[in-house]
There are 2 protein chains.
Amino acid sequence: MPLSRQLSSSRIRDDGRGIPDATVARLPIYHRVLRSLADDAVHTISSDHLAQRCGVSPAKLRKDLSHLGSYGTRGVGYEVDFLSYHISRELGLSQPWGVVIVGVGNLGHALVSYKGFASRGFEIVGLLDSHPDVVGEKVCAGETDLVVQPMAELEKVVSSSNASIAVIATPADAAQKVCDRLVAAGVRSILNFAPTVLSVPVGVEVRKVDLAVELQILAFHEQRRVDDLTPLAQVMQA
Amino acid sequence: MPLSRQLSSSRIRDDGRGIPDATVARLPIYHRVLRSLADDAVHTISSDHLAQRCGVSPAKLRKDLSHLGSYGTRGVGYEVDFLSYHISRELGLSQPWGVVIVGVGNLGHALVSYKGFASRGFEIVGLLDSHPDVVGEKVCAGETDLVVQPMAELEKVVSSSNASIAVIATPADAAQKVCDRLVAAGVRSILNFAPTVLSVPVGVEVRKVDLAVELQILAFHEQRRVDDLTPLAQVMQA
DNA sequence: AAGCATTTGTGCCTTCGTGCACAAAGTTGA
DNA sequence: TCAACTTTGTGCACGAAGGCACAAATGCTT
């Protein structure tokens, strides 16, 4: 029996959820812009206009949205609230997600105070840190306050809060151990801010955000730009 | 004469210039792992082993490195220091880059205290904020202390420090104005943490890091996983 | 010196992502 | 009602990216 195909991320029916990864990565942008438009009392918007606000090409936007279904009206455009609802539904924002943050340094504090979580269905249900000075600190997270728990409580916090997403904001040398404990506790989705490569078993998804990597990519293009200013060297060598 | 191709000459710039974006995005990872290996006194490493540490496939690693030139030895592997040097050179890490950070909230503080900048040639040369309580604050950045400047000093700070990269860590509603002023002051590379789409003229590169977007992508896959647990319902309804 | 073991570098093929262009579908106005 | 206009949804073609497999090149051993 070909069971292996079930594990593949590719779906056969386009009617279902065969949404390309590149599209999924852009849906949150579309959703955010649509919410902003709704706040400005905009009812309908064309793909050209919406695409410009999202920083993508109109054709790409239309193809992305076509993967969700035909939610536009030809000759008119898309109804903002209607499209926003369907995107949020597809992204799973209609149900709440519990998030545990491990590591409450400057970055952890920034994450807790970030306003964009609660409005998109994410609720911070646990804060963990190993440093004695931080443990016990009361942190204002949205409407409710949270107390930073010691690292020993990790398994208990994850299981009791039924958190499904974890954020690692620890130093690099602690990240892998934290990751292993999170996975053992049942977490299958991890957002990693520590500058290290995490190894996880299959079935666990890790996304990484690396500040230094982003800067180095910028530096590469910046240097290439500088090199292009000296085309004489190339002519001389030829 | 067939000038189009010259083999075995890694110094030909035409070959080194066309590095795919996907490769450039992985080079910082390779570099970081190589530096770590060097600290552990590892002299040579094979592509299989290095690939495993970097979380990529060996074939991909070799193809990535082949874009830089032939820096490996068949039958042996890659010399750690040698390869590390060539990657850092290609990324432009051999020369220092001045970085200005706009917005010194929790996230800004986290960026300033991040250790990975100085070791990769990035030096924070300016801190800017609009809030009176933050302006004037002395922040410890690596070896030297920096004082947060008021936003009015933006143009002066950028031009006097000759910064080429800027980081926007402000709230979303201030980001576009800050971006415009940075571009007008001569900045051509911007790392944007604000959850908004920035519009810039051609020739300016913007990379964005959006925390909520990353969480929403995780939530999408998490939801898909939950939906896959109930395939019977779909079959029954069909 | 010669053969064996090991590892790199790369050609080929498949898959994924993007842009173009246009038919289909809906609205507006007379 | 019908024609002109607007906008969506999509087929197609092209380029980028990834994986496989193997020839070329190097070290080691006899």
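All values below were derived from every heavy atom in this structure, side-chain atoms included, with hydrogens, water molecules and symmetry-related copies excluded. Reminder, nothing fancy here: chain letters follow the sequence lines and each chain counts from 1.
Look at B:S46 and you won't find any side-chain N or O under 4.0 angstrom from OP1 or OP2 of C:dT7. In this model, the phosphate group of D:dA17 is not approached by any side-chain N or O of B:R26 to a distance below 4.0 Å at OP1 or OP2. Using a 4.0 Å cut-off, no side-chain N or O of B:R62 falls inside it from OP1 or OP2 of D:dA24. Taking 4.0 angstrom as the limit, A:S47 places a side-chain polar atom (N or O) nearer than this to OP1 or OP2 of D:dT8.
Listed here is the closest heavy atom pair of A:L191 and B:L211: CD2-O, 4.4 Å.
Distances from the side chain of B:A59 to the nucleotides D:dC20, D:dT8, C:dG9 place D:dC20 closest. For A:V76, taking side-chain heavy atoms from C-beta onward, the closest of the listed nucleotides C:dT27, C:dT10, D:dG19 is C:dT27. In this structure, of D:dT8, D:dC20, C:dG9, it is C:dG9 that holds the atom nearest to the side chain of B:Y78.
Atom CG of A:L91 and atom CZ of B:F220 lie 7.5 Å apart (nearest 0.5 Å).
Mapping A:A22 and A:T73 onto DNA chain C by nearest heavy atom places A:A22 at the nucleotide closer to the 5' end. When each of B:G77 and A:G75 is assigned the nucleotide of DNA chain C bearing its nearest heavy atom, the one mapping closer to the 5' terminus is B:G77.
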Run the side chain to side chain donor-acceptor pair (under 3.5 Å) test on B:Q176 and B:D180 for me, step by step, so that the C-alpha distance in whole Å, both residues' side-chain angles and the decisive distance to 0.1 Å come before the verdict. CA-CA 6 Å; B:Q176 184 62 61; B:D180 292 342; 2.8 Å; yes
CA sep, side-chain torsions, deciding dist, call: B:R53, B:L37, side-chain contact (heavy atoms from CB on, under 4.5 Å): CA-CA 10 Å; B:R53 297 215 179 201; B:L37 287 168; 3.5 Å; yes
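In this structure, B:D64 places its CG atom 10 Å from P of D:dG19, rounding to the nearest Å. Atom NZ in B:K60 sits about 13 Å away from atom C1' in C:dC16, given to the nearest Å. Computed from coordinates, the B:L65 CG to C:dT8 P distance equals 9 Å when rounded to whole Å. Between B:K63 atom NZ and C:dC12 atom P there is a gap of 11 Å when expressed in whole angstrom units. Going from atom CG of B:L27 over to atom P of D:dA17 covers 13 Å, rounded to whole Å. Rounded to whole Å, the distance from CZ on A:R74 to C1' on D:dT10 is 9 Å. If you take CD of B:E79 and C1' of C:dT7, they are 16 Å apart, rounded to a whole angstrom. What separates CG of B:D21 from P of D:dG15 is a distance of 16 Å, to the nearest Å.
Between B:H86 and B:Y71, the ring planes lie parallel to each other; the angle is under 30°, not in the 30° to 60° tilted range.
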